[in-house]
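Reviewing the structure listed below.
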Amino acid sequence: MQLSVNGRRREVAYPDEMLVWVLRDELGLTGTHYGCGIGACGSCTVLLDGQVARACLTPARAAAGREVTTVEGLARGEQLHPVQRAFLENPLQCGWCLPGHLMSAAALLERTPDPTDAQIEEAAGVNLCRCGGYNAIRRAVARAAELKREDG
């Protein structure tokens with residue numbers, strides 16, 4: 001079975017495996033983290049056709065015919081995505097949850113380029129941070145919105 005991941009067609013041998021394992025083990029895209037395994041923490045968040053999805057709950061087969069975007073796919077060549085740049089300015093303590101927060105923020109800014117604090121809070125709240133870095137996360141998402149507007 002083939003998947004389109006980060007703009008590239010990729011052959012996968014285990015379409016019945018959860019997407020997080022196919023991405024990490026078959027395709028070597030280790031930026032997607034495995035957290036709780038029940039879709040609660042969001043460390044495994046990827047985008048499917050631009051919508052957030054929990055890769056620990058999504059069989060790879062369900063991603064066939066759709067565009068999968070992982071944290072590795074946010075940057076365009078050497079140019080980091082505004083969300084990546086903003087989180088570099090507002091680092092988290094351990095970063096285990098970081099890929100999920102980046103992907104949720106990217107999806108938010110794609111559909112809401114100028115989010116309110118409440119929208120940022122709502123989008124960030126779907127992912128857990130064991131270190132309690134929610135203030136840094138909210139600042140980073142707001143900064144990412146600014147950077148995205150500056151980029152045009």
Side-chain angles (χ1 to χ4, degrees), residues 3-7 17-25 27-152:
L3 292 179
S4 178
V5 180
N6 299 331
E17 284 290 325
M18 291 299 156
L19 186 57
V20 64
W21 301 125
V22 169
L23 293 170
R24 291 182 60 83
D25 295 344
L27 303 180
L29 297 169
T30 57
T32 302
H33 291 173
Y34 179 80
C36 65
I38 59 172
C41 75
S43 294
C44 66
T45 301
V46 297
L47 303 182
L48 288 179
D49 292 336
Q51 303 295 313
V52 295
R54 301 292 204 231
C56 73
L57 300 177
T58 305
R61 181 180 306 284
R66 303 172 75 185
E67 178 60 33
V68 179
T69 306
T70 70
V71 70
E72 291 93 342
L74 286 179
R76 297 288 172 246
E78 297 297 315
Q79 178 68 35
L80 293 179
H81 188 282
V83 168
Q84 293 170 310
R85 296 189 334 250
F87 274 83
L88 283 171
E89 293 176 11
N90 295 279
L92 299 178
Q93 186 172 338
C94 84
W96 187 257
C97 62
L98 185 58
H101 284 288
L102 289 168
M103 301 312 291
S104 294
L108 168 67
L109 297 181
E110 202 53 47
R111 68 178 184 274
T112 310
D114 192 15
T116 64
D117 289 344
Q119 290 169 317
I120 291 171
E121 181 81 25
E122 181 181 341
V126 300
N127 292 41
L128 300 178
C129 174
R130 292 183 293 192
C131 302
Y134 295 106
N135 289 333
I137 292 165
R138 285 189 289 272
R139 282 193 305 273
V141 176
R143 177 68 176 137
E146 292 172 8
L147 292 171
K148 190 167 174 39
R149 286 191 298 272
E150 290 171 12
D151 288 353

Report task. Report yes or no: does Glu67 contribute a side-chain atom to a donor-acceptor pair with the main-chain N or O of Gly7 at less than 3.5 Å? Result -> yes

Requested in this report: Provide the closest heavy-atom pair for Ala53 versus Thr58 in the form atom of the first, atom of the second, distance.
Outcome: CB-OG1, 4.4 Å

Requested in this report: For Gln93, enumerate each residue passing the side chain to side chain contact (heavy atoms under 4.5 Å, CB included) test, keeping only those at least two apart in sequence or located in another chain.
Outcome: Cys131

Requested in this report: Would you indicate whether the side-chain heavy atoms of Leu47 and Val68 approach each other to under 4.5 Å?
Outcome: no

Query raised in the report: Of the non-hydrogen atoms in Val20 and Cys44, which two are nearest, and what is the gap between them?
Result: CG2-CB, 4.2 Å

Report task. Flag yes if more than 12 heavy atoms outside Glu122 fall under 6.0 Å of its CD atom; otherwise flag no. Result -> no

Query - Ring geometry between His101 and Tyr134 (parallel below 30°, tilted from 30 to 60°, perpendicular above 60°) - result: perpendicular

**Report entry** Residues in side chain to side chain contact (heavy atoms under 4.5 Å, CB included) contact with Glu72, at least two apart in sequence or another chain
**Finding:** Asn6, Leu29, Thr70

**Report entry** Pairing of Glu146 and Arg149 as salt bridge, 4.0 angstrom limit
**Finding:** no

Name the atoms and distances for all side-chain donor-acceptor pairs under 3.5 Å in residues 102-113, with sequence neighbours left out.
residue, atom, partner, partner atom, Å
Ser104, OG, Gly100, O, 3.1
Ser104, OG, Asn127, OD1, 3.1
Arg111, NH1, Ala107, O, 3.4

Report summary line: Minimal heavy-atom distance between Leu128 and Cys97, with the atoms involved, is O-CB, 3.2 Å

Query raised in the report: How long is the span from the SG atom in Cys36 to the CG atom in Leu57, to the nearest 0.5 Å?
Result: 7.5 Å

Query raised in the report: Can you check side-chain contact (heavy atoms from CB on, under 4.5 Å) on Leu80 and Leu88, steps first, answer last?
Result: CA-CA 10 Å; Leu80 293 179; Leu88 283 171; 3.6 Å; yes

**Report entry** Spacing of Gln119 atom CD and Asp114 atom CG [to the nearest 0.5 Å]
**Finding:** 8.5 Å

Query raised in the report: What are the two closest heavy atoms between Gly35 and Cys41, and how far apart are they?
Result: CA-SG, 3.6 Å

**Report entry** Min side-chain heavy-atom separation Arg54-Val126 under 4.5 Å
**Finding:** yes

Query raised in the report: Going by heavy atoms in the side chains, are Thr32 and Pro99 under 4.5 Å from each other?
Result: no

Query - salt bridge (charged side-chain N to carboxylate O under 4.0 Å, His left out) involving Glu78 - partner list, sequence neighbours excluded - result: none

**Report entry** Pair Asp151 + Arg76, salt bridge at N-O below 4.0 Å
**Finding:** no

**Report entry** Partners meeting side-chain hydrogen bond (donor to acceptor under 3.5 Å, both in side chains) with Arg66 (sequence neighbours left out)
**Finding:** Asp49

Requested in this report: First locate atom CG of Asn135, then atom CG of Asn90, and finally report the distance between them rounded to the nearest 0.5 Å.
Outcome: 10.5 Å

Query raised in the report: Would you say the side chain of Pro59 lies within less than 4.5 Å of the side chain of Met18, judging by non-hydrogen atoms?
Result: yes

**Report entry** Distance-minimising heavy-atom pair for Thr30 and Arg24
**Finding:** O-NH1, 2.7 Å

**Report entry** From CA spacing to verdict: side-chain contact (heavy atoms from CB on, under 4.5 Å), Val46, Thr69
**Finding:** CA-CA 6 Å; Val46 297; Thr69 306; over 6 Å; no

Query raised in the report: Do side-chain atoms of Trp21 reach the backbone of Ala55 as a donor and acceptor pair under 3.5 angstrom?
Result: no

Query raised in the report: Hey, does the side chain of His33 reach the backbone of Ser43 with a donor-acceptor pair shorter than 3.5 angstrom?
Result: no

Report summary line: Applying side-chain hydrogen bond (donor to acceptor under 3.5 Å, both in side chains) to Gln51 and not counting sequence neighbours gives none

